[in-house]
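To find a chain, count down the sequence lines: A is the first, B the second, and so on, and within it residues start at 1.
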Amino acid sequence: MNKVMINRIKGTQDIAFEDIEYWHFAEEAIRNISHKYAFTEIRTPIFEATELFKRSVGESTDVVQKEMYTFEDKGGRSITLRPEGTAGVARAFIENSFVNLGSPVKLFYNGPMFRYEKPQAGRLRQFHQFGAEILGSESPLADFEIIEMAYSFLKELKINKAKLFINSIGCPVCREDYKTALKEYYSDKLPGMCPDCQRRYETNVLRLLDCKIDKELVHGAPGILEYLDSDCRSHFEELQWYLQRAGIEYEVDQFLVRGLDYYTRTAFEIRSSSLGSQDQLVGGGRYDGLVEYIGGNSCPAVGFAIGLERIVMLLKSENVKINGPETSEVAILAFGREESVRGFDYARRLRKMGVSTFVDVMERNMRNKMKHAARIGAKISLLIGKEEIERDIVTIKVMSDGSQFQVDSDYMADYVVDKLRDIS
RNA sequence: GUGGUUGUAGCUCAGUUGGAAGAGCGCCUGACUGUGGAUCAGGCGGUCGCGGGUUCGAACCCCGCCAGCCACCCCA
């Protein structure tokens, strides 16, 4: 290629043909599940004021500090491509006064998110998340429904090798006590720890818990569950009770902390062992402080986000059966100008009856037209040449057995529809 | 941002010690002025990722950059 080539932006992908079928499959499951759970869709802008993410996701988080696509628009405003979905939903909830709809409000979204990261297996710069949020309920029932919904989404997609981990990170009050205890535990060990951990000791102590380098130390660290106050504790216990009653298997992981600042109490992840290093399929939890944090009236909420690229990876590796590509049913092969006019006329009639119709727009010989019709999987080909025009007929060829019929052009559509029904 | 690894035709890849850029598949065309997954023939398609260096000579050796993949950090 001697032209100057412009390539995809790093960490993005083009999805077409066979690949797109996996996405259709997943997107259909999203609509199904959301409808069954009576969640309604919300579409928020792909970009928002930078401040929204700083305040919701958290100034000290990696996402905000080094992963945001931020730019200034021509009016001098700081704009950011959304790195996650919850902040926008919470903003929309406040801005449109969805509280007036009555609690709870159950919303879902599905769309692209952007993070400036180094791409690897299961991680892109533009990726897609399906998320659901329940706003207005403080009850562990809401936590339970969110987890159950994520769980049955995976079930609907026949993804079985997935494991649920839950934890409670308490409320801002009891979490402070825990942080103090953690700092105390780590204080004398700090000099021997990795540079990242030394940094995290100051910025975000909780993150010391999932350090992969100094993992030995974690075993002796105090667990957060012992520090929960009675409300947080009973919230967590109730959630587990509901999970058990529903027969949903889970594991309590005391060292599960989420990277985003807005989480309170319940935190959960669903991971898959057959995914590679980025094994987290679903992440979610409760964020009781967020709505107030970004300027609304206090409103408890809980939600999840599911990474669709990772879902698609699993569908592929687990050989989940998806629908085949939609092929056209009829191919119209016409020679010459008058014949082509007739061909387009037939196509209009067939499409009106709901038949997927391919019109060949290459001026080539019959052999090559036929070859292409076969290639795209047409079930029936319509041949229109000089003879057909003169006698006002059409030649209909059934591709599967090669049989051919000549039909008056007036009966073409009915005949084709009948034939399609016969051979399907 | 750090580390490992890989970049040759649209795809999969060969290319000897540094000595004329290739194959298969695909695409387009023709044999067959009107019949498909077959056959045969022809054609399109390459700044060998980009830039520099070494050399009489570089796809091959050296350096830098870019991109893909994998891992770390972190996350979905």
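- In the region residues 110-121 of chain A, proximity to RNA chain B at under 4.0 angstrom, judged on heavy atoms, holds for A/Arg115, A/Glu117, A/Lys118, A/Gln120, A/Ala121.
- Within the 4.0 angstrom heavy-atom criterion, only backbone atoms of the sugar-phosphate kind lie near A/Gly11; the bases stay farther away.
- Note on ring orientation: taking the six-membered ring where Trp is involved, the planes of A/Tyr242 and A/Phe144 are tilted (angle from 30° to 60°).
- Heavy atoms of A/Leu124 sit under 4.0 angstrom from at least one base atom.
- Among the heavy atoms of the strands, none lies under 4.0 Å from A/Gly131.
- A perpendicular orientation is assigned to the rings of A/Phe114 and A/Tyr69, their planes being inclined by more than 60° (bins at 30° and 60°).
- B/C61 and B/G3 have their C1' atoms separated by 25 Å, given to the nearest Å.
- Taking atom P in both B/G30 and B/U35, one finds a spacing of 12 Å when rounded to whole Å.
- Pair check for B/A20 finds none; no Watson-Crick or G-U wobble contact set falls under 3.5 Å.
- With a cut-off of 3.5 Å on both Watson-Crick or G-U wobble distances, the partner of B/U54 is given as none.
- Residue order along RNA chain B, read from the 5' end via each residue's closest nucleotide, puts A/Ala378 first among A/Glu269 and A/Ala378.
- Using a 4.5 Å heavy-atom threshold, the side chains of A/Arg342 and A/Asp392 count as touching.
- At a threshold of 4.0 angstrom between heavy atoms, the contacts of A/Gly385 include nucleobase atoms, whether or not backbone atoms are also involved.
- Across B/G36, B/C28, B/C75, the shortest atom-to-atom separation from the side chain of A/Gln278 is found for B/C75.
- Each of B/U35, B/G36, B/C75 was ranked by its minimum atom distance to the side chain of A/Met399; first place goes to B/G36.
- Within 4.0 Å of A/Leu333, counting heavy atoms only, lies no atom of the nucleic acid at all.
- Nucleotide B/U39 forms a pair with B/A31, judged by Watson-Crick or G-U wobble geometry with both contacts under 3.5 Å.
- Note on A/Glu388: a base of the nucleic acid sits closer than 4.0 angstrom, heavy atoms only.
- Along RNA chain B, the nucleotide closest to A/Gly122 and the one closest to A/His372 are compared, and the more 5′ of them pairs with A/His372.
- Checked against a 6.0 Å centroid threshold, the rings of A/Phe153 and A/Phe130 count as neighbours.
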From CA spacing to verdict: ring pair (Phe, Tyr, Trp, His ring centres under 6.0 Å), A/Phe108, A/Phe39: CA-CA 6 Å; A/Phe108 79 95; A/Phe39 281 57; 7.7 Å; no
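- Rounded to a whole angstrom, the distance from the C1' atom of B/G53 to that of B/U16 is 25 Å.
- Across the C1' atoms, B/U54 and B/C63 are found 11 Å apart, a figure rounded to whole Å.
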Please assess A/Ser78 against A/Glu72 for the test side chain to side chain donor-acceptor pair (under 3.5 Å), listing each intermediate value before the final yes or no. CA-CA 5 Å; A/Ser78 181; A/Glu72 201 173 273; over 6 Å; no
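- For B/G68, the base has no donor-acceptor partner in the side chain of A/Gln13 [N/O atoms by modelled type, under 3.5 angstrom].
- Proximity of residues 60-68 of chain A to RNA chain B (heavy atom under 4.0 angstrom from any strand atom) is restricted to A/Asp62, A/Glu67.
- For the pair A/Leu275 CG and B/C75 C1', the computed distance is 12 Å after rounding to whole Å.
- Counting distance only, with no hydrogens placed and no angle test, the side-chain atoms of A/Lys369 and the base atoms of B/G36 include no donor-acceptor pair under 3.5 Å.
- Judged purely by atom type and a 3.5 angstrom limit, A/Glu59 has no side-chain atom pairing as donor or acceptor with the backbone of A/Lys54.
- B/A71: Watson-Crick or G-U partner is B/U2, with both key distances under 3.5 Å.
- Pairing for B/C65 goes to B/G49, judged as Watson-Crick or G-U wobble with the two contacts each under 3.5 Å.
- When A/Ile147, A/Thr264, A/Asp143 are each tested for a side chain to side chain contact (heavy atoms under 4.5 Å, CB included) with A/Val302, only one passes: A/Asp143.
- Across the strands present, B/A59 finds no partner; the criterion is a Watson-Crick or G-U wobble pair with both atom distances under 3.5 angstrom.
- The CD-P distance, from A/Glu363 to B/C28, rounds to 15 Å in whole Å.
- Between A/Lys386 and A/Glu388 there is no salt bridge, since none of the side-chain N atoms of the basic residue sits less than 4.0 Å from a carboxylate O of the acidic one.
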